[in-house]
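Reviewing the structure listed below.
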Amino acid sequence: MKLLKTMTIGLLMGASQLVMAEDHSAVALEHAHAAVEHGKMGHASILVEHAEAALEHAIKALETAEGEEKAHLEAAVKVLEYSIEHGKMDHADIATPPAEEAIEHIQMSTQSKGSAAAAELEIEDQKETSKSSSSKWPVTGYKKINQ
């Protein structure tokens with residue numbers, strides 16, 4: 001009986017972590033969209049606020065991500081950092097495209113979680129049509145927020 005309770009609790013905790021990671025991705029996506037909207041209006045400081053919030057949630061989603069999902073979240077983190085960097089320099093026009101790319105990566109990370117095969121096909125199509133994000137934005141690694 002104790003073993004059954006322990007297993008049930010373990011399964012519930014694992015499932016709750018997956019839901020929380022999905023929630024972090026969803027919140028990151030909302031903030032990335034808001035960053036793009038404000039960037040297009042030339043509001044660099046508000047873009048930075050939303051991009052920083054998106055970055056924080058993307059990093060939290062990374063904690064439980066694996067495979068393609070993790071690769072896309074890592075790419076989103078990199079381009080969000082680049083966006084924040086230029087937003088802080090009041091370059092809304094330069095900070096907006098990487099925030100748009102972050103949206104694409106976050107969306108692809110959530111798709112890859114549900115259908116890895118479909119995500120791989122999309123990734124192959126993108127490789128044929130465009131350069132990788134690492135060659136587009138000159139950033140490496142990511143900084144953890146609130147260390």
Side-chain angles (χ1 to χ4, degrees), residues 8-147:
T8 304
I9 291 171
L11 287 171
L12 289 173
M13 290 177 67
S16 69
Q17 284 186 346
L18 288 174
V19 170
M20 288 187 325
E22 220 167 277
D23 288 346
H24 283 297
S25 293
V27 174
L29 189 58
E30 288 177 27
H31 281 290
H33 274 291
V36 169
E37 284 180 39
H38 286 283
K40 288 180 178 179
M41 291 186 273
H43 305 157
S45 63
I46 300 172
L47 175 147
V48 169
E49 288 176 27
H50 285 289
E52 285 177 337
L55 176 63
E56 182 177 339
H57 285 282
I59 290 171
K60 288 188 182 193
L62 257 173
E63 292 173 2
T64 56
E66 298 176 338
E68 290 296 318
E69 177 190 14
K70 183 174 184 173
H72 283 295
L73 287 171
E74 287 172 342
V77 165
K78 288 179 183 180
V79 293
L80 283 167
E81 287 176 340
Y82 186 82
S83 180
I84 292 165
E85 180 184 331
H86 282 277
K88 286 181 176 180
M89 290 187 265
D90 204 29
H91 299 158
D93 56 331
I94 297 172
T96 303
E100 290 174 323
E101 187 175 339
I103 290 171
E104 293 173 21
H105 282 294
I106 296 167
Q107 287 173 334
M108 290 180 75
S109 77
T110 59
Q111 289 173 0
S112 67
K113 195 173 204 169
S115 172
E120 285 179 19
L121 290 174
E122 287 180 27
I123 291 168
E124 290 301 317
D125 288 345
Q126 283 187 347
K127 284 180 183 176
E128 292 174 13
T129 58
S130 66
K131 292 183 177 179
S132 71
S133 64
S134 62
S135 64
K136 235 190 238 185
W137 313 112
V139 294
T140 57
Y142 66 91
K143 303 169 202 153
K144 291 203 176 193
I145 295 179
N146 299 328
Q147 275 188 323

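Computation of the quantities below employed the complete heavy-atom set of this structure, encompassing side-chain atoms and omitting hydrogens, waters and symmetry-equivalent molecules.
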Practice item. Kindly say whether Ala92 contributes a backbone atom to a donor-acceptor pair with the side chain of Thr96 at under 3.5 angstrom? Key: yes
Review point. Rounded to the nearest 0.5 Å, what separation is found between the OG atom of Ser45 and the CG atom of Asp90?
Key: 7.5 Å
Check your understanding: Roughly how far apart are Leu80 CG and His50 NE2, rounded to 0.5 Å?
Key -> 13.0 Å
Practice item. Report the C-alpha separation of Glu85 and Glu81 in whole Å, then their side-chain angles, then the decisive distance to 0.1 Å, and conclude whether the side chain to side chain contact (heavy atoms under 4.5 Å, CB included) test is met. Key: CA-CA 6 Å; Glu85 180 184 331; Glu81 287 176 340; over 6 Å; no
Check your understanding: Got a second to check how far Glu74's CD is from Ile59's CD1, nearest 0.5 Å?
Key -> 11.0 Å
Practice item. Using a strict cut-off of less than 4.0 Å between a Lys/Arg side-chain nitrogen and an Asp/Glu carboxylate oxygen, indicate whether Glu63 and Lys70 qualify as a salt bridge. Key: no
**Study point:** Pairwise distance CG(Leu73) to CD(Glu68) - rounded to 0.5 angstrom
**Key:** 11.0 Å
Point to revise | Rounded distance (nearest 0.5 Å) linking atom CD of Glu69 with atom CG of Leu62 | key: 8.5 Å
Exercise for review: Assign the ring pair His105 / His72 to parallel, tilted or perpendicular, where the plane angle (0 to 90°) is split at 30° and 60°.
Suggested key: tilted
Check your understanding: Are the charged groups of Lys88 and Glu52 less than 4.0 angstrom apart, N to O?
Key -> yes
Point to revise | Distance, nearest 0.5 Å, that separates CD1 of Ile106 from NE2 of His24 | key: 13.0 Å
Exercise for review: May I ask you to decide if Thr110's main-chain N or O and Ser25's side chain share a donor-acceptor pair within less than 3.5 Å?
Suggested key: no
